[in-house]
Structure formats: C-alpha cells, structure tokens
Amino acid sequence: MVSYKELGLVNTVDLFKKAVKGGYAIPAYNFNNMEQLQAIVAACVETKSPVILQVSAGARKYANQTMLRYMAQGAVEYAKELGMNIPIVLHLDHGDSFELCKSCIETGFSSVMIDGSALPYEKNVELTKKVCEFAHSQKDYVTVEGELGVLAGVEDDVAAEQSHYTRPEDVQDFVKKTGVDSLAISIGTSHGRAKFKPEQCTRTADGILLPPPLRFDILEEVEKRLPGFPIVLHGSSSVPIEYVKIINQYGGKLMDSVGIPEEQLRKAAKSAVCKINIDSDGRLAMTAMIRKVFVEKPEEFDPRKYLGPARDELKKLYMHKNLEVLGSAGKA
Ligand code: G3H
Ligand code: 13P
Ligand code: ZN
C-alpha cells in the first residue's frame with residue numbers, strides 16, 4: 001500500500017474548488033510513455049498550470065502499474081527540477097470495476113474515475129457509491145469522478161455504441177446518493193478523432209467539417225441543480241486539422257476527422273466545467289511528427305530522432321491548451 005502523498009501527488013479537491021471559482025479548467029492529459037509525460041510536465045511547469053495525469057486501464061496494461069507509480073513520482077521531481085512544484089494529480093481514467101479502482105488507490109493514485117455510465121442508473125449508483133466509500137475512507141482522501149450519460153465512441157474497455165445526453169433531473173440524486181467529488185456529463189463530446197459523422201456536420205468551402213455545437217443548455221441545467229459542483233468533460237480533443245493534414249501528407253489515412261472547436265471548450269471552462277480530458281490531440285501531434293521524420297529522413301533509426309520532435313510538438317500543444325483553451329496557465 002502506497003499513499004499518493006508519499007509520491008508528492010495531490011487529490012482534486014482544492015484544484016477543483018479554485019477552478020470553479022476562477023472560471024478555468026484543469027487539464028487532464030492521458031499518458032502511456034515517458035515522452036508524453038515529459039511533455040506534459042514541461043508544458044505545465046512552463047505555463048505554471050496544475051495538471052491531472054490520466055492513466056486508462058489500457059495505459060496501465062501497456063506501461064505496467066509499478067512503472068506508472070514511479071513515473072508519477074518522477075513527474076513530481078521533474079517539475080521541481082524544472083523550477084516549480086506544480087500540483088500534480090494521478091488519476092485513473094474510465095475505471096470499470098471496484099477492483100481496478102481499489103488497486104489503483106493502493107498503488108498511489110490520488111484520484112479515480114468509476115465509469116458506470118453504461119450501466120442501468122441504480123447499478124451505476126451502487127458501484128459508484130462503493131468506490132467512493134473505499135476511496136474516501138483512506139488515510140489520505142482519494143477523490144472520485146463518476147459519470148452520468150453516455151458518450152459516443154469507445155470509452156476504453158467500456159463500449160458505448162450509442163450516446164445519450166445526461167439527464168439534468170438525475171444529477172442531484174446521483175451526487176447525493178454516491179458521494180462523488182466530481183461528475184462527468186455527456187453534452188455532445190465523444191472520444192477519438194472522429195467525433196461526428198460528416199452528415200452531422202456542415203462543410204466549409206475548403207472542405208473542413210464544422211460540428212454541431214455542444215449542448216450548453218444541458219450544462220446550464222446541471223449547474224442550476226448543482227451550484228458550484230465540479231463538472232468534467234471527456235472527449236474534448238479539438239482534432240487540429242494541421243496535424244491531420246501532416247499525417248495524411250506523410251502516408252496516413254485519417255478520413256473525416258472532426259473535434260470540438262476550441263472556442264466551445266473555452267466557454268465550457270468558464271462554467272462549472274473544471275476538468276477537461278484530452279488524449280486524441282496528443283496522439284495526433286506525436287503521430288504527425290513521427291511520420292514526417294520517417295518520410296523526410298528515411299535513414300534515421302535512432303528513436304530519439306523521431307520521439308524527440310514528437311515530444312517537442314506535444315509540449316507546444318499542451319502549452320497552447322493551458323494558455324488559450326483551458327485558462328489554467330498561471331493557476332499553479
Ligand atoms: O477515453 C479514453 C482515453 O482516450 C484512453 O484511451 O483506452 O486507448 O488508453 P485508451
Ligand atoms: P479525446 O479522445 O477527445 O482526447 O478524449 C479523451 C478522454 O476523454 C479521456 O478520458
Ligand atoms: Zn474519457
């Protein structure tokens with residue numbers, strides 16, 4: 001059993017309180033490897049932003065849970081070495097069972113998500129409550145994110161064939177019965193790089209797909225029922241067209257990619273949305289740079305020569321998000 005405080009990590013309580021008051025959102029960036037983690041930490045130190053390091057069940061399998069624990073500890077030390085002891089949360093993304101959440105809590109996570117959104121309402125309440133009771137009874141309080149409403153696409157191991165928006169009339173009851181510290185809601189975002197079908201979008205003269213707007217009316221209804229309560233947005237990559245173009249120019253095939261426009265995320269971040277999840281944009285940035293090096297320098301075979309530029313681009317991307325989209329820069 002290792003407590004997150006021993007690793008130098010924090011839970012989300014204070015971060016969310018300040019973010020809701022201050023009208024910004026804390027970035028929740030997924031990582032699976034060292035280069036992604038270095039880029040996240042360097043970008044957040046340089047922009048003086050708090051950060052949530054997100055690990056999916058898939059990432060945990062890929063990187064190994066012991067490696068992850070030391071990587072998170074390494075992230076804390078790396079941030080200090082770069083000049084600022086920014087608040088860092090280690091969070092399980094889309095936990096799908098009590099056992100997985102428990103195991104993460106026992107190996108140093110300071111926050112977990114239990115995603116019962118695909119379950120019938122009462123089952124979701126039951127599972128989420130069980131995780132909250134365990135997480136909150138630890139010597140060092142571990143925070144829990146629950147979810148109501150289903151996002152389109154695949155949520156890690158939780159497959160959601162069909163999306164449905166969060167029903168504002170359920171949120172008070174869910175929070176009261178479960179004791180969650182934050183709530184992920186479904187207002188039109190979804191996971192991955194193709195968030196909408198072309199037929200749901202309008203197309204600009206130069207062929208760019210414009211998605212339908214997020215359901216800010218639902219968000220407002222949720223806020224009315226849960227004043228000041230921390231709300232989370234998943235599936236919030238913007239899918240920058242420049243990266244898609246580079247990937248396709250250098251041999252990739254990513255058709256009909258479309259994300260959430262940054263202005264809409266900025267608007268959400270000013271409301272009770274205080275955690276915004278971004279993974280796909282990082283994947284696109286890395287892939288674009290790696291493909292470019294492979295095509296332009298086919299003689300290269302040193303991984304540092306293609307992972308290095310990918311890491312540099314990732315850092316740029318995260319700095320941009322903190323400064324221009326989430327508003328978290330300067331809030332550490
Ligand atoms: O919401 C899902 C995240 O993007 C994690 O994806 O399960 O492929 O690691 P993953
Ligand atoms: P994106 O696929 O839009 O980056 O969403 C990531 C996410 O929600 C992780 O939980
Ligand atoms: Zn998600």
Side-chain angles (χ1 to χ4, degrees), residues 12 25-33 36-37 39-40 51-65 67-68 71 89-97 100-101 104 109 111-118 144-161 163 166 182-196 209 211 214 231-241 243-244 254 256-262 264-265 268-269 273-288 314 317-318 320-322 325-326:
T12 59
I26 312 288
Y29 298 132
N30 290 69
F31 80 99
N32 302 263
N33 64 34
Q36 289 171 321
L37 188 57
I40 296 170
V51 68
I52 297 172
L53 301 173
Q54 280 197 153
V55 173
S56 69
R60 201 162 177 260
K61 270 183 225 147
Y62 176 82
N64 176 280
Q65 60 174 48
M67 284 292 289
L68 278 172
M71 284 171 86
V89 176
L90 180 62
H91 175 79
L92 170 67
D93 193 22
H94 295 286
D96 62 351
S97 68
L100 175 60
C101 293
C104 286
F109 281 62
S111 181
V112 293
M113 174 190 193
I114 177 69
D115 183 355
S117 61
V144 180
E145 174 184 327
E147 181 167 337
L148 266 184
V150 180
L151 273 68
V154 173
E155 298 198 345
D156 199 4
D157 290 334
V158 184
E161 284 299 312
S163 68
T166 303
S182 62
L183 182 67
I185 61 168
S186 172
I187 58 165
T189 61
S190 65
H191 294 101
R193 59 150 190 102
K195 299 191 183 301
F196 302 94
L209 291 170
L214 296 179
I231 300 300
V232 177
L233 272 196
H234 282 249
S236 298
S237 277
S238 294
V239 188
I241 188 75
Y243 293 145
V244 176
L254 302 184
D256 295 327
S257 299
V258 52
I260 311 296
E262 289 186 343
Q264 292 196 34
L265 295 169
V273 170
C274 62
K275 171 175 180 274
I276 289 192
N277 288 11
I278 297 172
D279 186 3
S280 298
D281 283 356
R283 295 179 179 195
L284 290 167
M286 276 197 105
T287 303
L314 265 183
L317 170 80
Y318 295 136
H320 165 74
K321 299 275 181 196
N322 295 350
V325 187
L326 310 184

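Every number for a ligand or one of its atoms is a count from 1 in the order of the listing. In this chain, residues are counted from 1 in sequence order. Because only heavy atoms are used, hydrogens play no part in the values below, and waters and symmetry mates are left out as well, while side chains stay in.
- Remark: ligand 1 atoms within the under-4.0 Å shell around heavy atoms of Asp93 are 1 (O), 3 (C).
- Summarising the geometry, atom CD belonging to Glu147 is positioned 7.0 Å from atom OG belonging to Ser186; distances are rounded to the nearest 0.5 Å.
- Separating the SG atom in Cys101 from the CG atom in Asp96 is a distance of 8.0 Å, to the nearest 0.5 Å.
- Between Asp279 and ligand 1, an N or O atom pair is found at a separation short of 3.5 Å.
- Not counting sequence neighbours, the partners of Ser257 by the side chain to side chain donor-acceptor pair (under 3.5 Å) test are Arg193.
- Under the rule for a salt bridge (charged side-chain N to carboxylate O under 4.0 Å, His left out), Arg60 has no partner lying at least two apart in sequence or in another chain.
- The Zn ion (ligand 3) sits nearest to atom ND1 when only the N, O or S atoms of His234 are considered.
- Ser56 contributes a side-chain N or O that, together with a main-chain N or O of Gly58, makes up a donor-acceptor pair within less than 3.5 Å.
- Distances below 4.0 Å separate heavy atoms of Asn30 from the following atoms of ligand 1: 3 (C), 5 (C).
- Within the structure, the closest approach of Gly58 to ligand 1 does not fall below 4.0 Å when heavy atoms are considered.
- The closest donor-acceptor contact from the side chain of Gln264 to the backbone of Pro261 lies at 3.5 Å or more, if one exists at all.
- At a heavy-atom distance under 4.0 Å, only side-chain atoms of Arg283, from C-beta outward, approach ligand 1.
- Not counting sequence neighbours, Ser236 has no partner by the side chain to side chain donor-acceptor pair (under 3.5 Å) test.
- Remark: among candidates Lys61, Gln54, Met113, His191, the nearest residue to atom 1 (O) of ligand 1 is His191, based on non-hydrogen atoms.
- Nearest to the Zn ion (ligand 3), among the N, O or S atoms that His94 has, is NE2.
- The nearest N/O/S atom of His191 to the Zn ion (ligand 3) is NE2.
- Distance CZ/Arg283 to OH/Tyr243: 15.5 Å, rounded to 0.5 Å.
- Between the side chains of His234 and Glu145, at least one donor N or O sits under 3.5 Å from an acceptor N or O.
- Checked by atom type, the side-chain pair Asp281/Tyr29 shows no donor-acceptor distance below 3.5 Å.
- Residue-level contacts of ligand 2 at the 4.0 Å heavy-atom threshold are Asn30, Gln54, Asp93, His94, Ser190, His191, Gly192, Lys195, His234, Gly235, Ser236, Ser237, Asn277, Ile278, Asp279, Ser280.
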